Amino acid sequence: MASSAAAGASARVDLDGNPIKPLTICMIGAGGFIGSHLCEKLMNETQHKILALDVYNDKIKHLLEPDNLPWNGRITFHRLNIKHDSRLEGLIKMSDLTINLAAICTPADYNTRPLDTIYSNFIDALPVVKYCSENNKRLIHFSTCEVYGKTIGSFLPKDSPLRQDPAYYVLKEDESPCIFGSIEKQRWSYACAKQLIERLIYAEGAENGLEFTIVRPFNWIGPRMDFIPGVDGPSEGVPRVLACFSNNLLRGEPLKLVDGGQSQRTFVYIKDAIEAVTLMIENPARANGHIFNVGNPNNEVTVRQLAEMMIKVYSKVSGAQPPETPTIDVSSKEFYGEGYDDSDKRIPDMTIINRQLGWNPKTSLWDLLESTLTYQHRTYAEAIKKVIAKPVAS
Ligand SMILES: NC(=O)c1ccc[n+]([C@@H]2O[C@H](COP(=O)([O-])OP(=O)(O)OC[C@H]3O[C@@H](n4cnc5c(N)ncnc54)[C@H](O)[C@@H]3O)[C@@H](O)[C@H]2O)c1
Ligand SMILES: O=c1ccn([C@@H]2O[C@H](COP(=O)(O)OP(=O)(O)O[C@H]3OC[C@](O)(CO)[C@H]3O)[C@@H](O)[C@H]2O)c(=O)[nH]1
């Protein structure tokens with residue numbers, strides 16, 4: 001496929017060799033981590049237009065200003081809250097495709113702000129689905145790998161040999177069940193809201209012909225993810241693990257391992273994952289009606305191993321000595337509060353995305369951490385020094 005902004009869309013073809021027509025895309029949540037990378041890719045490599053909707057635009061400012069950027073006019077920012085803004089339907093109607101990324105999606109909020117979490121991930125997404133369905137507009141909706149919850153294997157005895165059998169832990173879009181904890185474990189408020197909106201979208205497809213694609217991201221990480229507490233976010237805020245550990249490393253503090261850091265995750269580089277989304281955008285005939293896992297099954301670590309690797313990589317890119325006490329254990333109750341629970345293991349099955357879109361992730365965990373932590377160091381090291389040097393108000 002063509003790849004420079006100047007080359008334009010004329011040379012771009014889809015996976016079946018057909019020319020790709022420039023689209024107008026209504027991207028809700030465009031100002032967030034994933035949205036900012038998707039906007040960047042679509043501006044740099046395609047001729048698509050973006051109506052970028054969000055309450056914030058700090059992460060896409062570099063794409064909006066100054067006026068003489070090569071893609072001038074192809075991206076416009078609309079500051080709005082989809083909870084209560086009558087412009088939403090008009091913007092969806094003006095577009096060929098809507099991509100909904102808007103969500104509360106930081107685990108520290110799921111058990112402490114369960115109502116906001118449920119409203120954000122279910123109620124606020126309802127009008128988006130309705131307007132797409134009523135106006136015959138295609139929808140790409142961002143769900144989550146958390147809809148799988150816990151693995152079947154996690155219920156087996158610790159020493160059961162079946163725990164080694166992929167049938168008990170690999171997560172398949174069309175086969176695996178969704179296994180959450182009890183209602184008191186409010187951690188699952190997010191996963192449950194995401195599951196119900198998936199079911200609603202699926203039903204709109206089945207009963208009313210909505211053209212949809214559902215994306216289940218498996219821990220996408222990279223530059224611009226979340227915030228560094230006390231620098232570009234609240235000092236008491238708890239972002240996702242990449243930003244928590246980056247913050248600890250920048251401050252020279254031990255990395256906090258929740259419940260021993262035994263949970264396992266697979267991490268995929270944001271730039272690899274964005275390739276997959278671009279394929280979905282440009283190959284509707286292959287993507288419509290599908291739910292896609294998007295992750296990197298080869299990048300599995302325990303959270304403890306992630307911490308150890310980040311400590312090594314940060315030392316390499318910053319030249320700083322690792323902290324004397326590199327990690328400390330902390331209970332989930334202390335770290336996240338009452339009602340926290342966790343997914344034990346997340347390995348995405350890749351059959352469907354491979355078959356439909358021929359997509360495979362490329363970047364190893366070490367390489368993606370090296371480029372991400374280089375970015376974190378360049379962006380935040382000086383600011384952190386200033387914050388640390390500031391006397392605390394008494
Ligand atoms: N990053 C990941 O690894 C990951 C994993 C699983 C699922 N997801 C899903 O992908 C989507 C994007 O995630 P992200 O990591 O970019 O998160 P993010 O928090 O960086 O981005 C979400 C954006 O949505 C905006 N938003 C939220 N509510 C809004 C509202 N009412 N009106 C307008 N804008 C609103 C926020 O301001 C934010 O900019 C989410 O739906 C999330 O659940 C992401
Ligand atoms: O300082 C910390 C922070 C976190 N942990 C543990 O790391 C694991 C991963 O945490 P995190 O990346 O914050 O979130 P999850 O993977 O649990 O959930 C996300 O997955 C996808 C998404 O839907 C959106 O990104 C979101 O729900 C976890 O085990 C924490 O306990 C830590 O040890 N120390």
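Just so you know, ligand 1 is whichever comes first in the structure, and atom 1 is the first atom listed for that ligand. All figures in this text were calculated on a predicted structure; none of them were measured in a lab.
- Inspection of the Thr363 and Asp272 side chains reveals an N or O donor paired with an N or O acceptor under 3.5 Å.
- Pairs engaging residues 364-375 under the salt bridge (charged side-chain N to carboxylate O under 4.0 Å, His left out) rule: Lys316-Glu370 [sequence neighbours left out].
- With Leu53, Asp58, Asp54 as candidates, the residue nearest to atom 36 (C) of ligand 1 on a non-hydrogen basis is Asp54.
- Not a single heavy atom of Lys59 sits under 4.0 Å from any atom of ligand 1.
- The closest approach between Lys194 and ligand 1 falls below 4.0 Å for a heavy atom of the residue.
- Which of Leu101, Val55, Leu242 comes nearest to atom 22 (C) of ligand 1 through a heavy atom is settled by distance: it is Leu101.
- The ligand atoms of ligand 1 that sit less than 4.0 angstrom from a heavy atom of Asn81 are 30 (C), 31 (N), 32 (N).
- Note: no N/O pair closer than 3.5 Å links Tyr56 and ligand 1 by distance alone.
- With ligand atoms numbered from 1 in the order given, ligand 1 contributes 39 (O) to contacts under 4.0 Å with heavy atoms of Gly31.
- Against a heavy-atom cut-off of under 4.0 Å, Cys105 is close to the following atoms of ligand 1: 13 (O), 17 (O), 19 (O), 42 (C), 43 (O).
- When the heavy-atom distances from atom 4 (C) of ligand 1 to Ala103, Ala273, Ser36, Pro217 are ranked, the shortest goes to Pro217.
- Gln164 contributes no side-chain N or O that, together with a main-chain N or O of Pro161, makes up a donor-acceptor pair within less than 3.5 Å.
- Remark: of the listed residues Ile179, Ile347, Asn293, Asn293 is the sole one forming a side-chain contact (heavy atoms from CB on, under 4.5 Å) with Tyr148.
- For the residue pair Tyr190/Asp109, the side-chain donor-acceptor check at 3.5 Å is not satisfied.
- Interatomic distance, Met225 CE to Lys59 NZ, rounded to the nearest 0.5 Å: 8.5 Å.
- Proximity of Leu80 to ligand 1, defined as any heavy-atom pair under 4.0 Å, is confined to the backbone N, CA, C and O atoms.
- No side-chain donor from either of His141 and Ser143 sits under 3.5 Å from a side-chain acceptor of the other.
- Under a 4.0 angstrom heavy-atom cut-off, Ile28 registers as lying outside contact with ligand 1.
- The atoms of ligand 1 that sit less than 4.0 Å from any heavy atom of Tyr190 are 7 (C), 42 (C), 43 (O).
- With a 4.0 Å cut-off on non-hydrogen atoms, Arg216 does not touch ligand 1 at all.
- Per-residue contacts place Gly32 under 4.0 angstrom from the following atoms of ligand 1 (heavy atoms of the residue considered): 20 (O), 21 (O), 38 (C), 39 (O).
- Judged by distance alone, the side chains of Thr98 and Tyr131 never bring a donor and an acceptor atom under 3.5 Å apart.
- Annotation: ring-ring contact (aromatic ring centres under 6.0 Å, His included) contacts of Tyr314 (sequence neighbours excluded): His377.
- Every protein residue with a heavy atom nearer than 4.0 Å to ligand 2 is included here: Cys105, Pro107, Tyr110, Thr144, Glu146, Arg187, Tyr190, Asn219, Arg240, Val241, Cys244, Phe245, Lys256, Leu257, Val258, Ser263, Arg265, Val303, Phe335, Tyr336, Tyr340, Asp342, Arg346.
- Set against the non-hydrogen atoms of Thr144, the atoms of ligand 1 under 4.0 Å away are 6 (C), 7 (C).
- At a 4.0 Å heavy-atom cut-off, ligand 1 touches Ser143 through the backbone alone.
- Proximity to Gly29 (heavy-atom distance under 4.0 Å) selects the following atoms of ligand 1: 23 (C), 24 (O), 25 (C).
- Counted by atom type alone, Arg187 and Tyr336 present zero donor-acceptor pairs between their side chains at under 3.5 Å.
- Put simply, OH on Tyr168 and OG on Ser154 are 12.5 Å apart, with the number rounded to the nearest 0.5 Å.
- Residues passing the side-chain contact (heavy atoms from CB on, under 4.5 Å) test with Gln195 are Val147, Cys178, Phe180, Arg199, sequence neighbours excluded.
- No more than 12 heavy-atom neighbours from other residues, nucleotides or ligands sit within 6.0 angstrom of CZ on Arg378.
- Near Ile82, with a cut-off below 4.0 Å to any heavy atom, the atoms of ligand 1 are 30 (C), 31 (N), 32 (N), 33 (C).
- Checked for salt-bridge contact, Glu89 and Lys130 miss the test: no charged N lies under 4.0 Å from a carboxylate O.
- The closest side-chain donor-acceptor pair between Glu40 and His62 falls under 3.5 angstrom.
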